Amino acid sequence: MPPKPLEPLAKKLMKGVIVVELLGVLGAYGLFHMMNNSRDFRNTVNRRFPSVLEVYYKSNEWAGIYGIRERDQEAWSAKQD
């Protein structure tokens, strides 16, 4: 029985989907790592994409890590004065 003509296409598409998902996971981890280590980067994210920073704060609060938002606000307000 000859192979179905769509089988190679389906395999390529599945590999492509897996690669895209891996890149997305690695990108999300990289963004989290940068935001977790740099208050200046969080300030940049706050100015450009405030909803992304809100997700970062919420995920930390969900994980039981509190006070990052407040410390950031204090540091940023002290910088402006």
Side-chain angles (χ1 to χ4, degrees):
M1 184 158 126
K4 297 179 184 175
L6 293 179
E7 198 171 293
L9 178 63
K11 284 183 180 180
K12 285 182 182 180
L13 283 174
M14 191 60 170
K15 286 180 184 177
V17 167
I18 290 172
V19 167
V20 168
E21 285 185 4
L22 279 173
L23 289 174
V25 167
L26 290 174
Y29 175 76
L31 180 65
F32 176 82
H33 183 71
M34 288 178 69
M35 288 196 331
N36 206 32
N37 290 327
S38 174
R39 179 173 286 137
D40 291 333
F41 184 71
R42 285 195 300 268
N43 192 17
T44 301
V45 172
N46 185 38
R47 284 185 276 119
R48 293 184 183 171
F49 309 104
S51 61
V52 173
L53 187 63
E54 184 64 25
V55 169
Y56 168 77
Y57 288 143
K58 292 281 186 185
S59 66
N60 276 314
E61 290 167 358
W62 181 77
I65 302 169
Y66 299 98
I68 297 173
R69 180 191 319 253
E70 291 78 14
R71 288 191 300 267
D72 284 350
Q73 291 298 328
E74 288 173 9
W76 297 335
S77 65
K79 226 181 217 184
Q80 289 177 352
D81 294 338

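Values in this document were obtained by computation on a predicted structure and should not be read as measured data.
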Shortest non-hydrogen contact from [X] toward [Y]:
| X | Y | result |
| --- | --- | --- |
| M35 | V52 | CE-O, 4.2 Å |
| R71 | Y66 | NH1-O, 4.0 Å |
| N36 | Y56 | OD1-OH, 2.8 Å |

Roughly how far, to the nearest 0.5 Å, is the CZ atom of F49 from the OG1 atom of T44?
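It is 10.5 Å, given to the nearest 0.5 Å.
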
Going from CE on M14 to CG on L9, what distance comes out if it is rounded to the nearest 0.5 angstrom?
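So the CE of M14 and the CG of L9 are separated by 13.0 Å.
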
D72 versus N46: any side-chain heavy-atom pair under 4.5 Å?
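Not in contact.
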
Any side-chain heavy atom of V55 sitting closer than 4.5 Å to one from F32?
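In short, these two side chains do not touch, never coming nearer than 4.5 Å.
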
Is there a donor-acceptor pair closer than 3.5 Å between any side-chain N or O of S38 and the backbone N or O of M34?
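No; judged by distance alone, with no hydrogens or angles, the pair does not exist.
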
Go through the steps for R42 and I68 under the test side-chain contact (heavy atoms from CB on, under 4.5 Å), then give the verdict.
CA-CA 10 Å; R42 285 195 300 268; I68 297 173; 4.2 Å; yes

